[in-house]
Amino acid sequence: MSRQPFSPDEMMTIAAARALRDDDVCFVGIGAPSAACNVARLTHAPGITLIYESGTIGTAPEVLPLSIGDGELCETAVTTVPVPEMFRYWLQGGRISVGFLGAAQIDRFGNINTTVVGDYHAPRTRLPGGGGAPEIASLSQKVYITMKQSRRGFVETIDFFTSFGHGEGGDHRQRLGITTAGPTLLITDLAIWEPDPQSREFTVTSLHPGVTREAVQETVGWTVAFAPGLSETPAPTETELDVLRALKERTRIAHGG
Amino acid sequence: MSRQPFSPDEMMTIAAARALRDDDVCFVGIGAPSAACNVARLTHAPGITLIYESGTIGTAPEVLPLSIGDGELCETAVTTVPVPEMFRYWLQGGRISVGFLGAAQIDRFGNINTTVVGDYHAPRTRLPGGGGAPEIASLSQKVYITMKQSRRGFVETIDFFTSFGHGEGGDHRQRLGITTAGPTLLITDLAIWEPDPQSREFTVTSLHPGVTREAVQETVGWTVAFAPGLSETPAPTETELDVLRALKERTRIAHGG
Amino acid sequence: MARFMELGAAVSAHLRQGDTVAFEGFTHLIPHAAAHEVIRQGIGDLTLIRMTPDLVYDQMIGMGLVRRMIFSYAGNPGVGLLRRFRDAVENGWPRPIEIEEHSHAAMANAWEAGAAGLPMAVFRGYKGAGLAGVNPNIRHVTCPFTGEELAAVPALRPDVSFIHAQKADRAGNVLIEGIVGVQKEAVLAARRAAIVTVEEIVDDLGAHPNACVLPRWTIAAIAVVPGGAHPSYAHGYYGRDNAAYIAWDAIAGDREAFRAWMEEHVLGQGPQVFAERVRELRT
Amino acid sequence: MARFMELGAAVSAHLRQGDTVAFEGFTHLIPHAAAHEVIRQGIGDLTLIRMTPDLVYDQMIGMGLVRRMIFSYAGNPGVGLLRRFRDAVENGWPRPIEIEEHSHAAMANAWEAGAAGLPMAVFRGYKGAGLAGVNPNIRHVTCPFTGEELAAVPALRPDVSFIHAQKADRAGNVLIEGIVGVQKEAVLAARRAAIVTVEEIVDDLGAHPNACVLPRWTIAAIAVVPGGAHPSYAHGYYGRDNAAYIAWDAIAGDREAFRAWMEEHVLGQGPQVFAERVRELRT
């Protein structure tokens, strides 16, 4: 375990990275998911296959892409396919083991909104929309979500169902004919959440070092459920932090930021 | 015009070649169509685009392919695409100006059989089947057919509708919702046939040099209609014959025949 | 059959007021120069199609040229929102905009169907997704073999499609390499014309047999515009101008700043400025 | 995840009596060596899938290993008919064969749908075609936007798919170049396993970014069999043995001659003979 101080954001990325396995085929969303997936690749999961929706399969970028289709994703990929093929053969074909998403709003059942704040037809804030998320959420074998906690993001009721998590909970996915597992992991800057086996409500199963139950509850718009055997997330190791920070630094320089 | 003697087969190929234009995009069947298309390319239509169903687009082989997917078709092509793309984007997409087919059996309305002789479920002779022909016939803007005349091939009633020509004639294509022109030209070793504008029955419009009406009728299993302004097909030119014979000779050597 | 033309002539020859038009590119090879030419010519009342409308659609929307947009992700990639698009949706400025919103899977399938000459795309999608409730163009068909209900969306068939590509040969065959996105589909799905800007014309494309090559007879016009994808990039030619994407957020955040920027960088310029813009980004 | 294996071990590990299996290749890269290994192992009662069954399916049929065949063109390309296939269809020798016959367009679309995880393919086809009257797996769906009736066929999903490819890298990624046919689709559509024979293993595929590469995790087993496509060909390695295709007509025309040929050239041999067979054909 590291003696270095680390930020909640770093803890989030590293905890998310740890969830990935060497044999995962991961459909990578931009932002926090992309950082986590590449940290996994650069630490314990060198064999992981990272796929970006721009068509790059098995990519291994030196720096984090700013967009979903940066040139380095293609240059370091095993192959790059047309976008229709990506969605038909690779996602719809059932070949993605983990779809990794971020979100603007999430509810307790892992339903996600990245479309609008307010009414769809007269929104207060028009967000970018779903992109690949609706089908990543329904067609990946399972879905991991990573986002920072805030009252604005963790809401009782999302304004729009951009992508379907566990709906109203229970067997709602199955009732819609969705055969995949859906969101099985939510990694935030404060905690790790997993769905309750019955209700499918996301439940805190691990608090990051130094985080209290109260801190988690304060940033969430519903009454948080904590698992009985609540554990503490191991702090980032020296290696994990070094890899993440080096990646971020290379990225900062490359993007002229 | 040539002083050389020429065979009916050579006349057929050259007459078929002449029907093609420099700006045609031609979906090429193997055998006689392939020879005709390449003679056209090597004489008056250097800009013609030849497409084989193996996925080769804009190919320019030095020798005639034995199969629909010989290596040289790919090596000389503008590009080679996957077979599903060939049938979806290029044929179904409406980009083929001329589909060029051969046949085992044909009827007076240009319906073609290459599937069975006899009953489908208990055939006397099981033929190879349609391959690309059913959709070439319905999706190319127009269809040219080339085959040698014989009582076995030119029949009153074909045993199986491998691909649809003008059906029972008249507006039968339109009644089935087919929007393309269908067979507009039939080039044999004896004559050039075109469909009657009303009945769509194939009618002889030009006899090859030295061919009589009787010779045409003898090799056809229905009563042949001859157009009022029946003309004579110009004999092959020196150039046409030279090009065709050189092509055949290169092909013979290349295929170890 | 591809004709080599000046960009301005190609745009005015093929694009009309009120058209449905796509300027496609999936992060890579976005035809910025072509869209800027359309803005300069003031061709408006357009329906824009693109999976990932970004800066250049934000610009067209902000200039009031867009009546309707069909899309699946309207963001500034890696940066945030599209502020001119937001202003049009939220405030109707400078004019209200209609939207037809899909998922990427739907749009990608709809492009494929357009290229394939089909009226619709069929795929497994939109299950539980809110868009199915607000977009009447999301329908269903039932598989006659399994009974499964599958999603269906109309094929995309713009009047005109614009793309940017690396190169054309002298006959007019066009090569696209790297992240090829849906550009082949956009070209083949165009009803009236596909217009391509290229980095250069070469004697020989030097293309791998299975490379993405568009034959000359699929294209109406080719215009040579080096740097024509900037601030997007051209694999093998120049990198993405990430700083320009980041800077756009502030420019587009203010109506006056936006108008001033457009005057200076688009309206008062021509296609030739793009070569200069990528000089420092060449790879 | 791709395992490098001997061909015999790969076949016996993955293919079972009664399976539905495809040995795909569109003239190019036909996996003859793999099919011969299946014949030697006597794995029978198979349902064979292939757009263009040619010599090697004629051989499997003649050896009595085939219960059913799904296909769109059963000929010896450029030569004529398949005489063992004819004998099975016309005379039930050595056993009757069931057929499910399609057009190329239908099969190509059905492979695409199989790779895409869909239950069916939808396309514009079979209009006026006799197959629609004899094949109950040709059905229709109605476009919910235009009302157009389109053809539908079931997706192809074999238990096992075999292909031959030019090369694999040491990680097991496989490259196919030239006429790529439906091989990517056949691999991705396989329910249980995809098995690939390759000309060689290399350190680096040296592939163009948009080349047809199958990632290692889409493949169950890779066997190195130089010449494994003979008498078909491998673009960049050796040419097609047209003489062998022509010669097949006489061999297959007679039941005794066929059996004797199979004894000598298949049953009494192993995968290693293919390298010798292409020696004179190398390019």
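By convention in this document, chain letters (A, B, ...) are assigned in the order of the sequence lines, proteins followed by strands, and residues within each chain are numbered from 1.
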Self-check item: Part of C/I179 within contact of chain A (heavy atom distance under 4.5 Å)
Solution: both
Exercise. For C/W248 and C/D58, run side-chain hydrogen bond (donor to acceptor under 3.5 Å, both in side chains): C-alpha distance rounded to whole Å, both residues' side-chain angles, the deciding distance at 0.1 Å, then the answer.
Key: CA-CA 10 Å; C/W248 181 251; C/D58 213 29; 2.9 Å; yes
Quiz item: Of all of A/S34, A/G129, A/A77, A/S67, which one pairs up most often with chain C through heavy atoms under 4.5 Å apart?
Solution: A/S67
Quiz item: Can any side-chain N or O of A/R41 pair as donor or acceptor with the backbone N or O of A/P61 at less than 3.5 Å?
Solution: yes
Quiz item: Would you call the rings of A/W222 and A/F154 parallel, tilted or perpendicular if under 30° counts as parallel and over 60° as perpendicular?
Solution: parallel
Quiz item: By a 4.5 Å heavy-atom criterion (distance strictly below it), what part of A/E135 contacts chain C: side chain, backbone, both, or neither?
Solution: side chain
Self-check item: Which portion of A/E85 sits near chain C, non-hydrogen atoms under 4.5 angstrom
Solution: neither
Quiz item: Between C/G125, C/G181, C/A132, which residue shows the highest count of heavy-atom pairs closer than 4.5 Å to chain A?
Solution: C/G181
Practice problem: Would you check if the side chain of A/T56 reaches a backbone N or O of A/T59 as a donor-acceptor pair within less than 3.5 Å? | Solution: no
Practice problem: Would you mind checking which part of A/R173 comes under 4.5 Å of any heavy atom in chain C, side chain (CB onward), backbone (N, CA, C, O), both or neither? | Solution: neither
Quiz item: So which of A/P65, A/P134, A/G132 has the biggest tally of heavy-atom pairs under 4.5 Å with chain C?
Solution: A/G132
Quiz prompt | Heavy-atom pair count under 4.5 Å with chain A, highest-scoring of C/A106, C/G133, C/S72, C/G239 | solution = C/S72
Self-check item: Proximal component of C/F123, with respect to chain A [non-hydrogen, under 4.5 Å]
Solution: both
Exercise. Go through the atoms of A/F161 and report whether side chain, backbone, both or neither lie under 4.5 Å from a heavy atom of chain C.
Key: both
Quiz item: Under 3.5 Å, is there a donor-acceptor pair linking the side chains of C/N137 and C/E100?
Solution: yes
Quiz item: Is it true that C/F162 and C/F23 have ring centroids separated by less than 6.0 Å?
Solution: yes
Exercise. Determine the option with the most heavy-atom pairs under 4.5 angstrom with chain C, choosing from A/G131, A/C74, A/G69.
Key: A/G131
Self-check item: Side chain / backbone / both / neither for A/L139 at chain C, heavy atoms under 4.5 Å
Solution: side chain
Self-check item: A/H121 versus chain C, the contacting section by heavy-atom distance below 4.5 Å
Solution: side chain
Self-check item: Segment of C/M107 engaging chain A (4.5 angstrom heavy-atom cut-off)
Solution: neither
Quiz item: Taking the six-membered ring of C/F258, is NZ or CZ of C/R84 closer than 6.0 Å to its centre and within 45° of its axis?
Solution: yes
Practice problem: Heavy-atom pairs under 4.5 Å with chain C are the metric here; pick the option from A/T114, A/T125, A/V81 that has the most. | Solution: A/T125
Exercise. Against chain C, label A/D70 side chain, backbone, both or neither, depending on which of its atoms sit under 4.5 Å from a heavy atom there.
Key: both
Quiz item: When you measure from the side chain of C/Y237 to the backbone N and O of C/P226, does any donor-acceptor pair fall under 3.5 Å?
Solution: no
Quiz item: Side chains of A/Q174 and A/H172: do they bring a donor and an acceptor to under 3.5 Å?
Solution: no
Practice problem: Return yes if a side-chain donor-acceptor contact under 3.5 Å exists between A/Q141 and A/T180, otherwise no. | Solution: no
Exercise. Considering only heavy atoms and a distance below 4.5 Å, find which of C/Y245, C/Y126, C/W111 pairs most often with chain A.
Key: C/Y126
Self-check item: Options C/N91, C/L81, C/V134, ranked by heavy-atom pairs under 4.5 Å with chain A, top entry
Solution: C/V134
Self-check item: Proximity of C/F26 and C/Y73 rings by center, below 6.0 Å
Solution: no
Practice problem: Kindly say whether the aromatic ring centers of C/H230 and C/Y238 come within a distance under 6.0 Å. | Solution: no
Quiz item: In terms of heavy-atom pairs under 4.5 Å with chain A, which of C/M51, C/Q183, C/E185, C/H28 leads?
Solution: C/E185
Quiz item: In terms of heavy-atom proximity below 4.5 Å to chain A, should C/R124 be classed as side chain, backbone, both, or neither?
Solution: both
